[in-house]
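Let me begin by presenting the structure, written as structure tokens, before commenting on it.
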Amino acid sequence: MSLLELNDIKVHFPVRRGILFDRVVGHVQAVDGISLSVEAGQTYGLVGESGCGKTTLGRAILRLVDITGGEVVFDGTDLAQLPEEEMRRSRRRLQMVFQDPLGSLNPRQNIESILAEGMAAHGIGGNREERRERILKVLDRVGLPDSALARYPHEFSGGQRQRIGIARALVLEPDVIICDEPVSALDVSIQAQVINLLEELQEQLGLTYVVIAHDLAVVRHISDVIGVMYLGALVEEANSDDLYADPQHPYTKALMSAVPVPDPEVEDTRERILLTGDLPSPANPPTGCRFHTRCPWRQPTRCDTERPVLTDTGNGHRVACHFVNEIASGELAPTSALAPELLGPGTEDEAPDTAAATDGDAPPKGAASA
């Protein structure tokens, strides 16, 4: 059995309306039927454009948001069914590193207080001196000096604050860490340092990661297995190398075509898939395949009415597409209105930006962002 298994997880937020009588008029289907598994010591990467439900899924694993349906099985225990007190104790083994390192740290507490708070809540360390000794060891692991204990979050740089966030998770000795966009708020040079730090900690401590990101380069560097999300659903899952070498779902193909190639000749001539239309609303998702409103290979009858399931196409590569084999063989061609375009010199402005989008920002019209 895998260390962490998600079985048909759903997170639906009610849409309420009314002044005198508050009534539910619909639901935002942020996560709708996701199943995946993460092995011990593995890094599972989740990618997708902003608003697809990545962060909500990560929070659902820790039950920081209410789960509408499904199972979160961690080490043989369904967390979705645990009483609140048991779930609180289980969170020692499941920790999270948040996207905004400053917003996730209490500005009124110094670093020692921030790191010791979780230890006190879980009964770790008999007294303050024992906790301080343990905190100093963790700070050393993440590359921060002992003098950091008495300082406050605003006195650190962005990269240092993210190291503090990582240290806060590590002091509880967790088995799984959910990393929600751990480097998106950092400069590129600092991103590399934090990613390398996460890899070193995983090797030393045997940690298991679920890394949520929109930067495909970061996910490829750190992940063993990658899942691609679109509008609350998982559309493709594969080994990291396999996914980048052979993306099979139309949405994944569009994401990969948006990744810049550091070779001018290849970049000017390679095929670029531009998606038309806006991302549909999760409060009113399309019927059938959720990607069919933007898919270049859409077939009206089946794609519009029947929702595809994740199907293994070989070597654990799972794809949720009715016509994955026909697309791969070339038997099914893209429709002319949505056909892939060859972008030549001078059309760079039309290319989607895969690294600039952040959660909460709507993707630019006609762009596939990751």
Side-chain angles (χ1 to χ4, degrees), residues 2 5-10 29 31-39 42-49 52-54 57 70 210-214 216 219-220 223-259 271-275 279-280 285-335 338-340 354 368-370:
S2 302
E5 292 185 5
L6 308 186
N7 299 319
D8 197 28
I9 286 295
K10 297 179 181 179
Q29 301 176 24
V31 177
D32 194 39
I34 286 186
S35 298
L36 57 87
S37 61
V38 185
E39 303 294 333
Q42 189 180 68
T43 298
Y44 190 102
L46 270 176
V47 299
E49 58 194 316
C52 72
K54 306 184 300 294
L57 180 62
V210 176
V211 178
I212 298 166
H214 60 257
L216 290 168
V219 174
R220 181 178 190 178
S223 301
D224 300 306
V225 177
I226 296 176
V228 181
M229 284 185 66
Y230 180 82
L231 206 63
L234 204 63
V235 298
E236 186 164 1
E237 180 189 77
N239 175 277
S240 177
D241 293 335
D242 292 342
L243 187 77
Y244 280 80
D246 182 28
Q248 298 182 11
H249 193 279
Y251 178 62
T252 312
K253 290 176 180 288
L255 291 183
M256 296 302 178
S257 74
V259 178
E271 186 179 64
R272 188 76 55 80
I273 301 176
L274 299 181
L275 301 180
L279 184 71
T287 59
C289 175
R290 295 195 166 185
F291 187 60
H292 82 258
T293 58
R294 304 169 72 192
C295 181
W297 288 272
R298 170 193 176 191
Q299 301 300 301
T301 303
R302 191 174 183 189
C303 293
D304 294 2
T305 59
E306 182 182 342
R307 186 173 179 179
V309 297
L310 278 173
T311 304
D312 195 328
T313 60
N315 297 323
H317 197 141
R318 301 196 298 162
V319 185
C321 179
H322 297 303
F323 301 100
V324 60
N325 293 326
E326 290 82 352
I327 293 173
S329 65
E331 179 182 342
L332 189 62
T335 57
L338 298 173
T354 62
S369 62

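The shortest non-hydrogen separation linking P296 to I273 is CG-CG2, 4.1 Å. Closest of all the heavy-atom pairs between I9 and V31 is O-CG1, 3.5 Å. Here the shortest heavy-atom pairing between I34 and L36 reads CG2-CD2, 3.9 Å. Summarising the geometry of L310 relative to A320, their closest heavy-atom pair is CD2-N, 3.6 Å, with the distance given to 0.1 Å. Summarising the geometry of A233 relative to R307, their closest heavy-atom pair is CB-NH2, 3.3 Å, with the distance given to 0.1 Å. Shown here for A213 and V219, the closest heavy-atom pair between the two residues is CB-CG2, 3.5 Å.
A distance of 7.5 Å separates OG of S257 from CG of L275, quoted to the nearest 0.5 Å. In this structure, the separation between SG on C321 and CZ on F291 is 9.5 Å, given to the nearest 0.5 Å. Here E331 contributes atom CD and N325 contributes atom CG; the two are 9.5 Å apart, rounded to the nearest 0.5 Å. Interatomic distance, CG of L243 versus OG1 of T252, reported as 6.0 Å (0.5 Å rounding). Atom SG of C295 and atom CD1 of I327 lie 5.5 Å apart (nearest 0.5 Å).
Side-chain contact between F323 and P250: absent, with no pair of heavy atoms (C-beta onward) separated by less than 4.5 Å. Counting heavy atoms from C-beta on, the side chains of E237 and Y44 come closer than 4.5 Å. With a 4.5 Å cut-off on side-chain heavy atoms, R298 and T293 do not count as touching. Side-chain contact between L234 and L46: present, with at least one pair of heavy atoms (C-beta onward) separated by less than 4.5 Å. No side-chain heavy atom of K10 sits less than 4.5 Å from a side-chain heavy atom of Q29. At least one side-chain heavy atom of C289 sits under 4.5 Å from a side-chain heavy atom of P308. Looking at heavy atoms from C-beta onward, L231 lies in side-chain contact with P280 at the 4.5 angstrom threshold. Side-chain atoms of Y230 and H249, non-hydrogen and from C-beta on, never get closer than 4.5 Å to each other.
The backbone N or O of T287 lies less than 3.5 Å from a partner atom in the side chain of H292, making a donor-acceptor pair. No donor-acceptor pair under 3.5 Å is formed between the side chain of H322 and the backbone N or O of Q299. Counting only distance, with no hydrogens or angles, the side chain of S329 and the backbone of E326 share a donor-acceptor pair below 3.5 Å. The backbone N or O of E39 sits nowhere less than 3.5 Å from a side-chain atom of S2 that would complete a donor-acceptor pair. No donor-acceptor distance shorter than 3.5 angstrom exists from the side chain of S223 to the backbone of S240, with no hydrogens or angles considered. A distance-only check finds a donor-acceptor pair linking the side chain of D224 to the backbone of T43 [under 3.5 Å]. Under a 3.5 Å cut-off, the side chain of K54 and the backbone N or O of G48 do form a donor-acceptor pair. Judged by distance alone, with hydrogens and angles left aside, the side-chain atoms of S35 form a donor-acceptor pair with the main-chain N or O of D8 at under 3.5 Å.
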I would like to know whether L57 and L6 meet side-chain contact (heavy atoms from CB on, under 4.5 Å); could you show each step before the answer?
CA-CA 10 Å; L57 180 62; L6 308 186; 3.8 Å; yes
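A donor atom on one side chain and an acceptor atom on the other are found under 3.5 Å apart for E236 and H317. For the residue pair E5 and S37, no side-chain donor N or O sits within less than 3.5 Å of a side-chain acceptor on the partner.
Between L216 and the choices V228, I226, L255, the side chain to side chain contact (heavy atoms under 4.5 Å, CB included) rule is met once, by L255.
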